[in-house]
**Q** 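First the structure, then my questions, so here it is.
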Amino acid sequence: MSTTTTPTGKLTRLQKTRNFGICAHIDAGKTTTTERVLYYTGKSYKIGEVHDGTATMDHLQDEQDRGITIQSAATTCPWTRDGIEYTCNLIDTPGHVDFTMEVERSMRVLDGAVVVFDGKEGVEAQSETVWRQAERYGVPRICFINKMDKIGADFQFSFDSIGERLGAKAVPVQIPIGAGHEFEGLVDLLAMKAFYFTGDMGSVVEEKEIPDELKELAEQKREEMIEGACDVDDDLAELYLGGEEISNEQITAALRKGTLSKEIHPTFCGSALQNIGVQKLLDGVIDYLPNPTEVPETEGTDPDDAEKRLTRPHDENAPLSALVFKIVNDAHGDLTYVRIYSGKLTKGTRVLNSNNGKKEIVSRIFEMHSKDRLARDEALAGEIVAVVGLKNSYTGETLCDADDSIVLDRMDFPDPVISMSIEPATAGDKEKLSNALGTIRREDPSFQANYDEETGQTIIAGMGELHLDIITTKLTRDMKIGVNVGQPRVAYKECITGSAEARGIHKKQSGGRGQFGDCTINVSPITEEEAEEQELKWEDGVVFVDKIAGGAIPREFIPSVGVGCRNTAISGVLAGYPLLGVKVELTDGKYHDVDSSQIAFEMAGTLAFKEATKKAGLQLMEPLMKVVVTTPDEFFGNVTGDLNRRRAIIVGDEERGVVRIITAEAPLSEMFGYSNSLRGMSQGRASYAMEPLKYAAVPANVAKTILENQEG
Ligand SMILES: Nc1nc2c(ncn2[C@@H]2O[C@H](COP(=O)(O)OP(=O)(O)OP(=O)(O)O)[C@@H](O)[C@H]2O)c(=O)[nH]1
């Protein structure tokens, strides 16, 4: 093994840990691969004689029978490689593109990933999304070309598609023996041996000589692998070019280095369904994916000074820092999954939630296995555990030592793009609904539920029609709550298109003490990124800059102008949708010794903001979705014609055998009920995936209708 060791040559606990995820395009075989991983690691756990909970074949069978997939957000599964037992934490990553947010949150806490591809299809549309997400989070990846037993499976095609479609450098570390019905095993290009998987569920790994007919290809691919390793390791390249003998350890070390630096992706093959290759893939997880000390130190900010960056070493003796990444509500209450980055989490102690300043008691700590949970007294840096007892800690928040606190960088949660009203069907459902919405909100940060004081309605909001559909089904079917829901509505936003200046004067004289506030502001458009670059604080979409000179407005009233502007922005100026991306510069003002107050300046701010933004030009913005439709060629015309009518812009069209893959950008408002109409126009043979892309200006004629309807 190539991992650096302690001075005594022994691997440290953290060096024997892998936090990884399996991600894939829907249907590529993620669930099947995960089940096999849990099966094989469950077996080795039994052999390890650590505890009596046996993760046996029955359990897997049971799960298969009931057709449910692994529910745990993270599962601990030990794996033995070269006689050393490693602890792997397998983090669940959902495969459905409507749950992009779920993928994001797991990417945040895993250190490496296995990306599964379909051996016949190679890289598919959604694999690209998953791949880019992993890239964005800097997650090192190895590739598994699955389904090599499928008719038409083609290792080389799938392998090449990684380069062609993802622009990524795959390096073969295996080649398949046969394909389709003839797929029997694989050749390991390091060992230069053939491997076959026999016995119960393929649990016996047999090593044999490479079949004669594959020897030449194996030599050739081994060269390719070595060249891949040399590309990322100059010393190795020098030895290789000098014609010197290089060892397998040196090649593995270079491949590992290149994987960690995300330059290359060692590529495996197999068939999870036919039990071929998964154990070798697990060896690959150990060999090539990083341990927690090999990823950059965790970063965050000082809770008392948002400007101050802090880091935490991957060290159990450092102060505690841990990130809540998922909450699952089960029969026993909330299970809070946390990734510990530094320090220790100890049962029965109090920790600080640095996001909300509340102290939390860690009542119990569990290591989650596929079948059962193992109670722990303590969990250490690098581990992923589930905690019971936390009352006020939600996804994305940090737990830390009260006297050495840090706020870890938050995960990005996209804003909801769709909303609808929801009401309890009967008085008896009222409280149940409110509690249930609270629970769902805790589990799913991309979901929102707000009570609208003005209308007395509860509004739920999420990432798409399907997202809200799933939530209402969960309420009615699983939680048995009667609800009435309204029509889904698009979450529009407002923005300004230019710059303008305006003055706001709030003056009231009605006997007694009057009210007086007078301010002049400039407004101009700014994006959140620009605000960040200019080190300006972005609050509710508004950036407020104080440019008052010579005390024209006393210091204590200046922030009030900002509050007035922000509150107005939140409720919108054009049509009641949040107005985002406004830079407000307070340039001048007047005050009165007696009559001026914070509230008067807030009012003045509101008046000035309304007028300035109107002068600057207001624009309605709508969410655009990225839509990828896969359709048999014969329906291509129907599908694109329909997309055009929905104001979609087609940005990509690709032929894949007999299917066409169309990528389009379409306004969400035009995509309601799309699944039904797509089914109708393709005899049920086309499928699609959709995710929020960005906000864009609503065309003037459409905006006019929306505004008119609102007034009506
Ligand atoms: N032929 C073949 N089929 C496989 C293999 N692995 C999985 N499948 C099948 O492919 C289908 C999808 O597999 P899953 O494991 O559910 O795929 P997934 O990526 O988890 O899909 P989602 O859960 O829908 O995201 C199932 O019918 C599997 O039986 C394989 O190695 N070979």
Side-chain angles (χ1 to χ4, degrees), residues 22-25 27-30 33 113-128 130-132 134-135 140-180 182-192 194-195 210 213-232 251-252 254-256 258-259 262-274 276-278 280-281 283-285 287-289 654 656-657 661:
I22 299 179
C23 34
H25 183 282
D27 265 4
K30 191 192 73 143
T33 309
V114 174
V115 184
V116 182
F117 300 96
D118 181 310
K120 181 169 173 239
E121 311 295 336
V123 173
E124 295 170 84
Q126 204 204 326
S127 340
E128 287 183 43
V130 171
W131 190 268
R132 306 271 170 251
E135 214 146 64
R141 275 144 285 168
I142 60 176
C143 302
F144 180 55
I145 298 182
N146 186 34
K147 300 200 184 182
M148 280 308 303
D149 62 313
K150 211 167 130 178
I151 296 171
D154 184 339
F155 178 76
Q156 196 58 43
F157 162 80
S158 300
F159 181 90
D160 291 342
S161 72
I162 297 172
E164 286 158 15
R165 301 210 36 177
L166 302 173
K169 183 149 174 54
V171 174
V173 292
Q174 299 177 339
I175 54 168
I177 302 174
E182 264 112 55
F183 180 55
E184 349 170 26
L186 48 90
V187 174
D188 178 329
L189 299 175
L190 273 154
M192 284 306 266
F195 288 87
I210 302 175
E213 65 278 13
L214 278 179
K215 281 196 170 131
E216 201 185 321
L217 181 66
E219 285 298 344
Q220 199 186 322
K221 290 288 165 187
R222 182 177 158 91
E223 287 296 298
E224 201 181 304
M225 173 184 74
I226 295 174
E227 280 161 20
C230 289
D231 282 347
V232 292
I251 302 171
T252 312
L255 291 177
R256 179 176 183 78
T259 312
K262 298 171 285 283
E263 290 164 276
I264 56 170
H265 308 282
T267 299
F268 297 74
C269 63
S271 161
L273 191 66
Q274 303 296 336
I276 300 177
V278 176
K280 298 289 283 179
L281 177 66
D283 287 347
V285 167
D287 289 351
Y288 303 119
L289 292 182
E654 194 190 323
R656 282 269 193 109
I661 299 167

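Everything numeric here is computed off the predicted structure, so don't read it as measured data. In this chain, residues are counted from 1 in sequence order.
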**Q** Ring-plane angle category for His265 and Trp131, please: parallel below 30°, perpendicular beyond 60°, tilted otherwise.
**A** perpendicular
**Q** So how far is it from Ile210 CD1 to Leu217 CG, rounded to the nearest 0.5 Å?
**A** 9.5 Å
**Q** For Gly119 versus Ser158, what's the shortest heavy-atom pair and its separation?
**A**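 The answer is O-OG, 2.9 Å.
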**Q** List the atom of Ile162, the atom of Cys143, and the distance in Å for their closest heavy-atom pair.
**A**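 Heavy atoms of Ile162 and Cys143 come nearest at CD1-SG, 3.9 Å.
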**Q** First locate atom SG of Cys269, then atom CD of Gln156, and finally report the distance between them rounded to the nearest 0.5 Å.
**A**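 Atom-to-atom, Cys269:SG and Gln156:CD are 11.0 Å apart.
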**Q** For the residue pair Gly178 and Phe183, what are the closest heavy atoms and their distance?
**A**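 Of all heavy-atom pairs spanning Gly178 and Phe183, the closest is O-CD1, 3.4 Å.
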**Q** Is any side-chain heavy atom of Asp231 less than 4.5 Å from a side-chain heavy atom of Val171?
**A**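 Not in contact.
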**Q** Is the shortest heavy-atom distance from the side chain of Lys280 to the side chain of Phe195 under 4.5 Å?
**A** yes
**Q** With sequence neighbours excluded, what pairs up with Glu135 under the salt bridge (charged side-chain N to carboxylate O under 4.0 Å, His left out) test?
**A** Arg132, Arg141
**Q** Would Lys221 and Glu224 pass as an ion pair if we require N to O under 4.0 Å?
**A** yes
**Q** Do Asp149 and Lys147 have side chains that get closer than 4.5 Å, going by heavy atoms?
**A** yes
**Q** Please report the interatomic distance CD(Gln220) to CG(Leu214), rounded to the nearest 0.5 Å.
**A** 11.0 Å
**Q** Minimum heavy-atom separation for Ala179 to Ala153, with atom names?
**A**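 Minimum heavy-atom contact is CB-O, 3.8 Å.
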**Q** When you compare the side chain of Phe159 with that of Asp154, does any pair of heavy atoms fall below 4.5 Å?
**A**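 Asp154 vs Phe159: side chains apart.
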**Q** From Thr259 OG1 over to Leu289 CG, what is the distance, rounded to the nearest 0.5 angstrom?
**A**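 Reported value, rounded in 0.5 Å steps: 7.5 Å.
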**Q** Are there more than 12 heavy atoms of other residues, nucleotides or ligands under 6.0 Å from atom CD of Glu216?
**A**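 Counting other residues, nucleotides and ligands, CD of Glu216 stays at 12 neighbours or fewer.
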**Q** Please tell me if the side chains of Phe155 and Leu186 come closer than 4.5 Å, counting only heavy atoms from C-beta onward.
**A** no
**Q** Determine whether Val187 and Arg222 make a side-chain contact, defined as any pair of heavy atoms from C-beta on separated by less than 4.5 Å.
**A** no
**Q** Just verifying a value: how many Å separate Phe268 CZ and Leu189 CG, rounded to the nearest 0.5 Å?
**A**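 Separation between the atoms: 10.0 Å.
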**Q** Give a yes or no on whether the backbone of Val116 and the side-chain of Asn146 come within a donor-acceptor separation of less than 3.5 Å.
**A** no
**Q** Heavy atoms, side chains only, cut-off 4.5 Å: are Met148 and Ile276 in contact?
**A** no
**Q** Which residue, Ile175, Val173, Thr267, forms the side chain to side chain contact (heavy atoms under 4.5 Å, CB included) with Met225?
**A**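 Testing Met225 for a side chain to side chain contact (heavy atoms under 4.5 Å, CB included) against Ile175, Val173, Thr267 leaves exactly one candidate, Val173.
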**Q** Do Lys169 and Val232 touch side chain to side chain, with heavy atoms closer than 4.5 Å?
**A**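 When only atoms from C-beta onward are counted, Val232 and Lys169 do not touch, as no gap falls below 4.5 Å.
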**Q** Show the numbers, then the answer: is there a side-chain contact (heavy atoms from CB on, under 4.5 Å) between Leu281 and Thr33?
**A** CA-CA 10 Å; Leu281 177 66; Thr33 309; 4.2 Å; yes
